[in-house]
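Written below as structure tokens is the structure these notes are about.
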Amino acid sequence: MYKRRARVLFWHPTDPAKAHYAAALAEALGADWLEARADETDHAWPDLLIALDCHAAPDIPRAAHTQCKYWPLTQDDWEDAVRARILGVLGGLRLLARMDQSPAPGQTSPVDKTPRLN
């Protein structure tokens with residue numbers, strides 16, 4: 001199903017350290033499934049833009065193919081909230097791959113998909 005890892009760009013309107021934290025955490029939790037960055041100037045790079053501490057999609061340049069999600073965060077436990085949401089994204093990627101029995105990008109499939117003639 002997946003030919004390459006999903007490209008995720010984390011962005012924060014005022015605190016880039018939160019975006020960097022989220023990108024590092026996403027890489028640590030799901031490096032088989034996604035590439036995560038916080039500093040990316042190529043607007044065509046990300047498949048998904050995640051705006052932290054936002055209640056609407058930010059008005060920043062992005063490619064037509066780039067999906068945008070916004071994650072409002074609380075001040076007290078924002079690290080836990082980011083972790084839970086990243087795990088949700090990874091769970092969604094795994095679920096989609098399970099639907100056609102495909103592995104993470106770059107891994108060999110545990111299921112033999114060779115067509116049978118008989």
Side-chain angles (χ1 to χ4, degrees):
M1 176 175 195
Y2 296 108
K3 300 203 187 301
R4 65 169 172 77
R5 298 182 297 162
R7 295 173 177 166
V8 181
L9 176 63
F10 289 93
W11 179 83
H12 192 284
T14 60
D15 190 354
K18 286 184 179 179
H20 284 278
Y21 172 84
L25 183 60
E27 282 279 340
L29 294 173
D32 287 345
W33 294 96
L34 56 82
E35 275 181 84
R37 296 181 186 169
D39 291 325
E40 182 58 50
T41 56
D42 178 4
H43 301 297
W45 181 82
D47 300 313
L48 176 62
L49 167 66
I50 298 176
L52 303 172
D53 271 347
C54 293
H55 295 281
D59 187 23
I60 60 175
R62 61 182 182 265
H65 73 271
T66 302
Q67 298 285 322
C68 185
K69 299 290 179 190
Y70 47 93
W71 294 354
L73 302 174
T74 61
Q75 295 302 320
D76 297 334
D77 61 347
W78 68 267
E79 292 101 337
D80 293 336
V82 166
R83 180 183 181 84
R85 287 180 176 256
I86 289 170
L87 289 173
V89 168
L90 293 170
L93 292 172
R94 289 184 185 107
L95 178 65
L96 288 172
R98 252 195 325 250
M99 290 174 66
D100 70 354
Q101 299 178 347
S102 64
Q107 294 182 355
T108 58
S109 178
V111 177
D112 181 12
K113 294 186 178 182
T114 308
R116 303 289 181 214
L117 298 175
N118 47 345

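Nothing fancy with the numbering, it's 1 onward along the sequence.
With sequence neighbours excluded, the residues that form a side chain to side chain donor-acceptor pair (under 3.5 Å) with Arg37 are Glu40.
Minimum heavy-atom separation, Ala97 to Trp33: CB-CH2, 3.6 Å. A pairwise comparison of heavy atoms in Glu27 and Ala36 identifies OE2-N, 2.7 Å as the closest pair.
The distance from the CZ atom of Arg83 to the OH atom of Tyr21 is 7.5 Å, given to the nearest 0.5 Å. With values rounded to the nearest 0.5 angstrom, Leu29 atom CG is found 9.0 Å from Leu34 atom CG.
Using a 4.0 Å cut-off between charged nitrogen and carboxylate oxygen, Arg7 and Asp42 do not count as a salt-bridge pair.
Residues Leu93 and Leu9 do not share a hydrophobic cluster, clusters being chains of Ile/Leu/Val/Met/Phe/Trp/Tyr side chains in contact below 4.5 Å. Each of Leu25 and Trp11 belongs to its own hydrophobic cluster when Ile, Leu, Val, Met, Phe, Trp and Tyr are linked at side-chain heavy-atom distances under 4.5 angstrom. Placement of Val8 and Leu49 in two distinct hydrophobic clusters is found when ILVMFWY residues are connected by side-chain heavy-atom separations under 4.5 Å, directly or transitively. In the hydrophobic clustering of this structure, Trp45 does not group with Leu48; members are Ile, Leu, Val, Met, Phe, Trp, Tyr whose side-chain heavy atoms approach within less than 4.5 Å, directly or through other members.
In this structure, Glu79 and Val82 have side chains that are not in contact, with every pair of non-hydrogen atoms separated by 4.5 Å or more.
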*asked:* Please determine whether side-chain contact (heavy atoms from CB on, under 4.5 Å) holds for the pair Trp78 and Asp15, giving the CA-CA distance in whole Å, both sets of side-chain angles, and the decisive distance to 0.1 Å.
replied: CA-CA 13 Å; Trp78 68 267; Asp15 190 354; 6.0 Å; no
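Arg4 places no side-chain N or O within 3.5 Å of a backbone atom of Pro105 that could act as its donor or acceptor partner.
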Ignoring hydrogens and angles, write down the donor-acceptor pairs under 3.5 Å from the side chains of residues 52-76, residues two or more places apart or on other chains.
from: Asp53; atom 1: OD1; to: Leu73; atom 2: N; distance (Å): 3.3
from: Asp53; atom 1: OD2; to: His12; atom 2: NE2; distance (Å): 2.8
from: Asp53; atom 1: OD2; to: Lys18; atom 2: NZ; distance (Å): 3.2
from: Arg62; atom 1: NH1; to: Pro58; atom 2: O; distance (Å): 3.2
from: His65; atom 1: NE2; to: Ala44; atom 2: O; distance (Å): 3.3
from: His65; atom 1: NE2; to: Pro46; atom 2: O; distance (Å): 3.2
from: Thr66; atom 1: OG1; to: Pro46; atom 2: O; distance (Å): 2.7
from: Thr74; atom 1: OG1; to: Asp77; atom 2: OD1; distance (Å): 2.5

